Protein chains: 2
Amino acid sequence: MTSDGSPFDPLIAKLRRLAPIDDADEAALLALPHRVGRARARDYLVREGSRPQECCALLEGYAARSKLGFNGGRQIVSFHIPGDLLDIQHLFLERADHNVQVISEATLLWVSMPALRALATERPAIGTALWRDALIDASIFREWILNVGRRDAKSRIAHMLCEFIVRRSAAGLGTPEHTRLPFTQEEIGDATGLTSVHVNRMLRELAEAGLIARNGRALEIVDWDGFRRAAGFDAAYLHAAA
Amino acid sequence: MTSDGSPFDPLIAKLRRLAPIDDADEAALLALPHRVGRARARDYLVREGSRPQECCALLEGYAARSKLGFNGGRQIVSFHIPGDLLDIQHLFLERADHNVQVISEATLLWVSMPALRALATERPAIGTALWRDALIDASIFREWILNVGRRDAKSRIAHMLCEFIVRRSAAGLGTPEHTRLPFTQEEIGDATGLTSVHVNRMLRELAEAGLIARNGRALEIVDWDGFRRAAGFDAAYLHAAA
DNA sequence: CGGTTCTTTGACGAGATTCAATGCCGGTGG
DNA sequence: CCACCGGCATTGAATCTCGTCAAAGAACCG
């Protein structure tokens with residue numbers, strides 16, 4: 001079965017990377033109650049404390065999960081690329097414990113949460129794909145704890161960018177060398193537990209070291225191996241599929 | 001069905017808090033191929049890079065998940081109490097992406113990983129319980145990213161201790177007020193991204209503020225409400241079941 | 001173009017690390 | 001029963017990374 005032009009394409013491509021999805025599985029996915037929507041930068045897709053009834057997949061654009069600290073500071077806990085399920089983290093939980101926000105213009109696929117939950121138990125391959133997706137997300141969260149807790153500012157930023165670039169190219173959305181990043185420096189700071197001011201300083205140092213090049217808001221990796229080394233980046237925690 | 005004295009008791013009690021486990025589910029759990037083992041402080045239960053064949057549940061004692069940074073620093077990413085499944089994070093993944101270590105004398109239940117995986121798909125209630133457990137673990141990881149990324153040293157330590165105490169009393173293993181903590185200050189530092197020296201200073205300040213009292217290695221919460229407030233602790237992310 | 005958002009830079013201060021030394025406690029063996 | 005020893009806790013002083021505050025410049029958007 002082919003599904004040319006279906007809004008499910010990026011999602012199905014991702015699930016196929018996680019488990020052997022057959023034609024019947026794909027048909028079941030395509031039959032899910034769903035709708036397609038658009039969102040602009042900063043729109044919320046999930047709000048902390050809400051009770052999500054739909055599960056959201058990203059078709060185009062980028063998104064971030066975040067939590068708010070007591071003093072108003074925002075901590076981003078993960079970034080997401082097209083094909084990612086943004087709300088599988090609440091598939092079996094009542095209330096959202098964090099926010100999901102779009103960080104650029106985005107297209108979204110909204111799927112009924114109960115229907116997806118039913119599919120997860122009725123179709124083993126889909127269940128396995130969702131399990132693996134959730135567990136890989138958790139692995140990424142663990143790596144971020146290490147990143148924020150034990151790396152210095154420069155390698156912390158480099159590591160976060162490495163991950164993003166590797167995941168994006170694993171999804172067939174670009175190469176490591178030529179990358180137009182969708183982040184503001186503030187967002188990089190919110191993801192790494194740094195201030196945007198310090199992010200700026202570290203990016204300058206990374207550029208001065210010849211690892212990256214910047215013009216305007218775009219960023220290019222000049223020396224990918226050196227950059228990975230500066231980040232201390234080892235992709236094992238992505239389990240070759242994120 | 002009762003199961004007095006079975007090594008599965010702590011695990012089943014935990015799963016019952018997560019989903020409606022019936023007698024047939026319990027019988028299926030009890031029929032899993034398993035063995036009971038002991039471990040001493042610092043023993044590894046799971047090693048990063050290995051291919052776990054058994055899933056390990058904690059029956060007595062305490063354990064921690066950890067990852068190593070490039071410079072040799074250890075980052076603890078979660079603590080675990082009796083009843084916790086220590087390796088559900090690798091139930092659907094090939095290679096372990098982190099270590100699990102015992103931090104005190106412990107008793108363990110080892111269960112066949114493929115058999116547990118089969119149960120997760122064949123028995124919906126068990127599947128749901130495992131899903132919820134894994135998703136709550138992930139929620140805790142996200143909270144730790146926020147903790148390490150956005151809180152200052154004192155509230156960071158207090159938050160980590162709050163979580164541990166709340167989870168322990170939710171499992172019926174003690175009250176918030178009287179708590180003998182199993183951590184060294186070094187372990188608290190490894191969990192919070194701080195040095196043991198600084199942990200020591202912050203604990204002294206928390207004691208001087210009248211929130212906790214220490215004698216020797218034991219620690220007692222004097223003012224639970226004040227302590228929670230100092231931590232900025234809100235248990236919502238535990239989803240009332242961890 | 002005019003306003004807004006994002007980036008860049010400098011000076012200063014605060015919080016946490018590092019290094020180093022001492023003290024305490026529990027366990028072990030003579 | 002006591003002396004020793006190893007692991008942890010405690011403390012101080014010097015240092016450094018990163019945050020804060022503030023201001024100006026560049027890029028983007030309608």
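Please read all numbers here as calculations on a predicted model, not as lab measurements. Each chain gets a letter, A, B and so on, in the order the sequences are listed, and its residues count up from 1.
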Listed by chain and number, what are the side chain to side chain contact (heavy atoms under 4.5 Å, CB included) partners of [X], not counting sequence neighbours?
{"X": "B:A209", "result": "B:L211"}
{"X": "A:E208", "result": "A:R204, A:E205"}
{"X": "A:D234", "result": "A:A236"}

Practice item. Output all residues satisfying salt bridge (charged side-chain N to carboxylate O under 4.0 Å, His left out) with A:E54, sequence neighbours left out; order by chain, then residue number. Key: A:R35

Check your understanding: Which residues satisfy the salt bridge (charged side-chain N to carboxylate O under 4.0 Å, His left out) test with B:R51, sequence neighbours excluded?
Key -> B:E94

Review point. For the helix from C:dC1-D:dG30 to C:dG30-D:dC1, what angle lies between the axis at the first five pairs and the axis at the last five pairs, to 10 degrees?
Key: 50°

For the pair made of [atom1] in [X] and [atom2] in [N], what is the distance, rounded to whole Å?
{"X": "B:L194", "N": "D:dT17", "atom1": "CG", "atom2": "P", "value": "17 Å"}
{"X": "B:I103", "N": "D:dC8", "atom1": "CD1", "atom2": "C1'", "value": "15 Å"}
{"X": "B:D152", "N": "D:dC18", "atom1": "CG", "atom2": "P", "value": "17 Å"}

**Study point:** Sugar-phosphate, base or nothing in reach of A:G193, heavy atoms under 4.0 Å
**Key:** sugar-phosphate

Practice item. Using a 4.0 Å heavy-atom cut-off across all strands, classify B:R156 as base, sugar-phosphate, or nothing. Key: nothing

Review point. Should B:R214 be listed as having a side-chain N or O under 4.0 Å from OP1 or OP2 of D:dT10?
Key: yes

Check your understanding: For the atom pair CG (B:L135) and CG (A:L93), what is the distance rounded to the nearest 0.5 Å?
Key -> 5.0 Å

Revision key, fill the gap. So SG of B:C162 and CH2 of B:W224: to nearest 0.5 Å the spacing works out to 4.0 Å

Check your understanding: For DNA chain C, which residues in residues 196-207 of chain A have a heavy atom at a distance below 4.0 Å?
Key -> A:V197, A:N200, A:R201, A:R204

Please set out all donor-acceptor pairs under 3.5 angstrom arising from side-chain atoms of residues 36-47 of chain A, sequence neighbours excluded.
from: A:R38; atom 1: NH1; to: A:T107; atom 2: OG1; distance (Å): 2.5
from: A:R38; atom 1: NH2; to: A:E105; atom 2: OE1; distance (Å): 2.7
from: A:D43; atom 1: OD2; to: A:R40; atom 2: N; distance (Å): 2.9

Practice item. Assign the ring pair A:F79 / A:F183 to parallel, tilted or perpendicular, where the plane angle (0 to 90°) is split at 30° and 60°. Key: tilted

Exercise for review: May I ask you to decide whether A:E163 forms a salt bridge with A:R168, counting only side-chain N to carboxylate O separations under 4.0 Å?
Suggested key: no

Review point. Any ion pair linking B:K67 and A:E143 (charged N to carboxylate O, less than 4.0 Å)?
Key: yes

Practice item. Check every nucleotide of DNA chain C for an atom under 4.0 Å from a heavy-atom of chain A, then give the first and the last such nucleotide from 5' to 3'. Key: C:dT5 to C:dA11

Exercise for review: Sequence neighbours left out, what passes ring pair (Phe, Tyr, Trp, His ring centres under 6.0 Å) with A:H198? Give chain and number order.
Suggested key: none

Study note, to complete from the structure: Under a 4.0 Å heavy-atom criterion, the protein footprint on nucleotides 23-30 of chain D, written with B, S and -, is --------

Taking distance alone, no hydrogens or angles, what donor-acceptor pairs closer than 3.5 Å link side-chain atoms of residues 97-104 of chain B to residues at least two apart or in another chain?
from: B:D97; atom 1: OD1; to: A:R142; atom 2: NE; distance (Å): 3.2
from: B:D97; atom 1: OD1; to: A:R142; atom 2: NH2; distance (Å): 3.0
from: B:D97; atom 1: OD2; to: A:S139; atom 2: OG; distance (Å): 3.2
from: B:D97; atom 1: OD2; to: A:R142; atom 2: NH2; distance (Å): 3.2
from: B:D97; atom 1: OD2; to: A:H239; atom 2: NE2; distance (Å): 2.7
from: B:H98; atom 1: ND1; to: A:R142; atom 2: NE; distance (Å): 3.1
from: B:H98; atom 1: NE2; to: B:R65; atom 2: NH1; distance (Å): 3.0
from: B:N99; atom 1: OD1; to: B:E48; atom 2: N; distance (Å): 2.8
from: B:Q101; atom 1: OE1; to: B:R74; atom 2: NH1; distance (Å): 3.2
from: B:S104; atom 1: OG; to: B:Y62; atom 2: N; distance (Å): 3.2

